[in-house]
Structures are given as C-alpha cells and as structure tokens.
Amino acid sequence: MKRVFMISSFVAGSNVGGSLAMKVLPLLGCELSLLPTTMLGRHPGWGAPGGGAVTDEMFSGMAEGLVANRVIENADCIVTGYFASAAQVSEAARLIAAHKTDGTPVIVDAVMGDFGKGLYVKEEVAAAIVSELLPMADIIKSNAWEFWEIERRNGRVDAIPEAAREAGAIKSHLAGDSRLSGLQFVSSVEQGEEIGLLGASQQGAFWSGHARANGEHVPNGFGDFLTVLLARDAAGGLKPVQKMLFNEMTVFAPVFGAHDFSEPSEFDVGVLPKALGKPKPARVSPL
C-alpha cells in the first residue's frame, strides 16, 4: 500500500480537506498520515465550526513526532493543503526540505480563495504559500481563481481577468512558459458547455471536461477530492500530464455526476463504489 503524507485541515464532521482524504485514500489503496492545521467540528459554511486553528507550537510538536517515526521520509507522495498561519507554511516547507526522500513527488494544493469569495486565508498565509511552497512543488493544483491570484502575486498580471474561467485564457497565458518545470492542474475551467480540469507541463496544455452541475449547489469537498486523486496517482510515480488528467477525470466525472446539486451539501463518500463500478474513460483534448 502506497503512503501519502498530507498537511491540511481536519474537520471532524465534514467531508473536506484532510478529513475527506482520510476516508477516500484508503478506498483507493493508499495509507494516509495527516498533520492537521486546524481541528474543527464542521465546515465553516454550515455556521460556527467549533474548534479552531492548531497552534504553531502544537503544529511543530506534532511534526517532531512524525519526523521521529520517519513518516515524511517514508512517504510515497507529500501533499499540502489548507494552512491556518504563515508559521505553519514555513514549518511545512522546512519539513519537506529536510526530510523528503529524493524523488518523492510534492503536491501543493494552493488553497487560498475562490470566485465570489476572494481570499479566504490570511494575507500572510497566501504570500507564504506562493513564496515558500510553490517553488518546491512537482505538481501545483489550484482552482481557476487561485491560478490567476498566483499570477497576480508573481507580477505576471495586474488583476484577475474577466475570462478567468476559460480554458483558452489560461492556456494562452501558459503558452511557452519555461516556468513549468513540473505539472500544473487548474480546476473549475470552462470550455463551451462543459466544466473541467486543465493540465499543463512543458509538453503542452490539455483539458478534460464533464457536464456542469444540474443545480445551484456544488457540494463542499470536490476540490479536495481532486487533490486526493492526484495524490493517489502521484504516489505511484509522476506521469505525463495528459495521462494524469485522464486518470483523474475518469474517476472524478462519474463521482461528480452521482451527486445531488439541489441543496447545500458535502461530498458523499457513499457514492464512490457505485460511481466507480464501470467508469467511462475520460476524454482528454490538447489545447
């Protein structure tokens, strides 16, 4: 069984962040070790979540225990997600630099914000993710808003453009980009009547889509589910971007389609067995 080490949120009563990964990765054949950045009762979208951020002192103390048991060293893939403080980001970067085994892929899920919400982490957290973690990533995963926010913070655009969700706009911005030393995946990208995932590397940009939600409410946790799929795939070794795009979307699309979008909800782990029974191979197109 492959081992994934993740640094992200723990939300006891909600299928999001590291809590979702703890439930889904074992179903996909991976063992997860989670270093939590928060200890919450439920997703804040439901109201007061209870609990709070893990203190920087406690975070560092738990990290020391993981290092002592060689959890980071023995991981087949390392993933970072939600951070509650800039000190947590810095400690995560230090842990990866000091204890990652050579060749172990690092996925940075740049959890910072979204359309209609803007930045929902602290300013100093977003700055630290961009300056300290992204340079360490073999795979950068973001939603479309976060992609443009990273570009803005790096001085490559002045503001998030009106066509920010469109596959063509993101692809044009990445064209010939020598900065793509690894793989980049951008979710919630639109093309025509579909929405999907854009993947890019120095070999080019590709896209795979699926039907949009048939209701107003996309359940919380789908971005985290996509990160889980990338982790499962990368734990077996990095692959060409179009191959990973195919693998992830072959699983993601039927699971997405099996959900109810009629009212606010969360990712339903119970749909996985049925949705994955006879998956339809994803369509992957060059951009």
Let's go through Leu272 and Val255 carefully: what are the C-alpha distance in whole Å and the side-chain angles of both, what is the deciding distance for side-chain contact (heavy atoms from CB on, under 4.5 Å) to 0.1 Å, and is it a yes or a no?
CA-CA 6 Å; Leu272 285 174; Val255 171; 3.7 Å; yes
Using side-chain contact (heavy atoms from CB on, under 4.5 Å), reason through Asp158 and Arg152 one step at a time and then give a plain yes or no.
CA-CA 6 Å; Asp158 294 327; Arg152 186 189 70 79; over 6 Å; no
Test ring pair (Phe, Tyr, Trp, His ring centres under 6.0 Å) on Phe222 and Phe252 and set out the steps.
CA-CA 9 Å; Phe222 265 105; Phe252 184 92; 5.6 Å; yes
Output, in order, the C-alpha distance, side-chain angles, deciding distance and verdict of side-chain contact (heavy atoms from CB on, under 4.5 Å) for Arg165 and Val189.
CA-CA 5 Å; Arg165 299 176 188 263; Val189 175; over 6 Å; no
Pair Val79-Ile7, side-chain contact (heavy atoms from CB on, under 4.5 Å): steps then yes or no
CA-CA 6 Å; Val79 184; Ile7 306 172; over 6 Å; no
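A donor atom on one side chain and an acceptor atom on the other are found under 3.5 Å apart for Ser85 and Asp56. Checked by atom type, the side-chain pair Ser201/Gln184 shows no donor-acceptor distance below 3.5 Å. A side-chain N or O of Asp109 and one of Thr227 form a donor-acceptor pair less than 3.5 Å apart. In this model, a donor atom of one side chain and an acceptor atom of the other lie less than 3.5 Å apart for Glu266 and Ser14. Using a 3.5 Å distance cut-off with no hydrogens or angles, the side chains of Glu194 and Trp207 do not pair a donor with an acceptor.
Val16 and Leu230 fall into different hydrophobic clusters, defined by Ile, Leu, Val, Met, Phe, Trp and Tyr side-chain heavy atoms under 4.5 Å apart, directly or through other members. Both Val108 and Trp145 are members of a single hydrophobic cluster when ILVMFWY side chains are connected at heavy-atom separations under 4.5 Å. A continuous path of hydrophobic side-chain contacts links Phe10 to Phe5 [ILVMFWY only; heavy atoms under 4.5 Å]. When hydrophobic clusters are built by joining Ile, Leu, Val, Met, Phe, Trp and Tyr residues whose side-chain heavy atoms come closer than 4.5 Å, directly or via intermediates, Ile195 is not grouped with Phe115. Residue Val130 is grouped with residue Val106 when hydrophobic side chains (ILVMFWY) are merged at heavy-atom distances under 4.5 angstrom, including chains of intermediate members.
Taking the side chain as every heavy atom from C-beta outward, Met112 and Ile150 approach each other to under 4.5 Å. Under the 4.5 Å side-chain criterion, counting only non-hydrogen atoms from C-beta, Val89 is in contact with Leu133. Side-chain contact between His99 and Val71: absent, with no pair of heavy atoms (C-beta onward) separated by less than 4.5 Å. Within the 4.5 Å cutoff, the side chain of Leu197 has heavy atoms near those of the Leu245 side chain. Residues Leu35 and Leu66 meet the side-chain proximity criterion, which asks for heavy atoms closer than 4.5 Å. No side-chain heavy atom of Met249 sits under 4.5 Å from any side-chain heavy atom of Leu229. Phe185 has its side chain out of reach of Ser142: every pair of non-hydrogen atoms, C-beta onward, lies at least 4.5 Å apart.
In this structure, CG on Asn220 lies 7.5 Å from OG on Ser265, to the nearest 0.5 angstrom. Ile140 contributes atom CD1, which lies 11.5 Å from atom CD1 of Ile129 (distance to the nearest 0.5 angstrom). Within the model, atoms OG1 of Thr37 and OH of Tyr82 stand 7.0 Å from one another, a figure rounded to the nearest 0.5 Å. Considering CG of Leu34 and CE of Met62, their distance stands at 8.5 Å, rounded to 0.5 Å. A distance of 7.5 Å separates OG of Ser285 from CG of Leu287, quoted to the nearest 0.5 Å. Going from atom SG of Cys77 over to atom NZ of Lys2 covers 11.0 Å, rounded to the nearest 0.5 Å.
Closest heavy-atom contact between Gly81 and Ser8: CA-OG, 3.7 Å. Across Val24 and Phe225, no two heavy atoms sit closer than the pair CG1-CE1, 3.9 Å. Taking all atoms of both residues into account, the shortest heavy-atom contact from Ser187 to Asn143 is OG-CA, 3.4 Å. Minimum heavy-atom separation, Thr250 to Lys280: CG2-O, 3.8 Å. Heavy atoms only, all atoms of each residue included: Lys141 and Asp224 are closest at NZ-N, 4.5 Å. The heavy-atom pair separating Pro219 from Phe267 by the smallest distance is CB-N, 3.8 Å.
With hydrogens and angles ignored, the 3.5 Å screen pairs a side-chain donor or acceptor of Ser208 with a backbone N or O of Arg283. Using a distance-only test at 3.5 Å, with no hydrogens or angles considered, a donor-acceptor pair links the side chain of Ser131 to the main chain of Ala127. No side-chain donor-acceptor contact under 3.5 Å links Ser19 to the backbone of Asn15. Within the 3.5 Å criterion, the main-chain N or O of Arg156 finds no donor-acceptor partner in the side chain of Asn154. A side-chain donor-acceptor contact under 3.5 Å links Lys100 to the backbone of Thr104. Using a distance-only test at 3.5 Å, with no hydrogens or angles considered, a donor-acceptor pair links the side chain of Thr55 to the main chain of Met58. Within the 3.5 Å criterion, the main-chain N or O of Ala87 finds no donor-acceptor partner in the side chain of Glu91. A distance-only check finds a donor-acceptor pair linking the side chain of Asp268 to the backbone of Gly270 [under 3.5 Å].
The pair Lys239-Asp233 counts as a salt bridge, with a side-chain nitrogen and a carboxylate oxygen less than 4.0 angstrom apart. Taking a cutoff of 4.0 Å between a charged side-chain nitrogen and a carboxylate oxygen, Arg153 and Glu146 do not qualify as a salt bridge. The pair Asp76-Arg3 fails the salt-bridge criterion, with no side-chain N (NZ, NE, NH1 or NH2) lying under 4.0 Å from an Asp/Glu carboxylate O. Here Glu166 does not pair with Lys171 in a salt bridge; the nearest charged N to carboxylate O distance is not below 4.0 Å.
Not counting sequence neighbours, the partners of Phe261 by the ring pair (Phe, Tyr, Trp, His ring centres under 6.0 Å) test are Phe256. Taking Glu124 as the reference, nothing meets the salt bridge (Lys or Arg N to Asp or Glu O under 4.0 Å) condition, with sequence neighbours excluded.
Annotation: Lys274, atom NZ; neighbour count of heavy atoms from other residues, nucleotides and ligands within 6.0 Å does not exceed 12. Met136 CE: more than 12 foreign heavy atoms inside a 6.0 Å radius. Arg70 CZ: 12 or fewer foreign heavy atoms inside a 6.0 Å radius. Heavy-atom neighbours of Arg42 CZ from other residues, nucleotides or ligands within 6.0 Å: above the threshold of 12.
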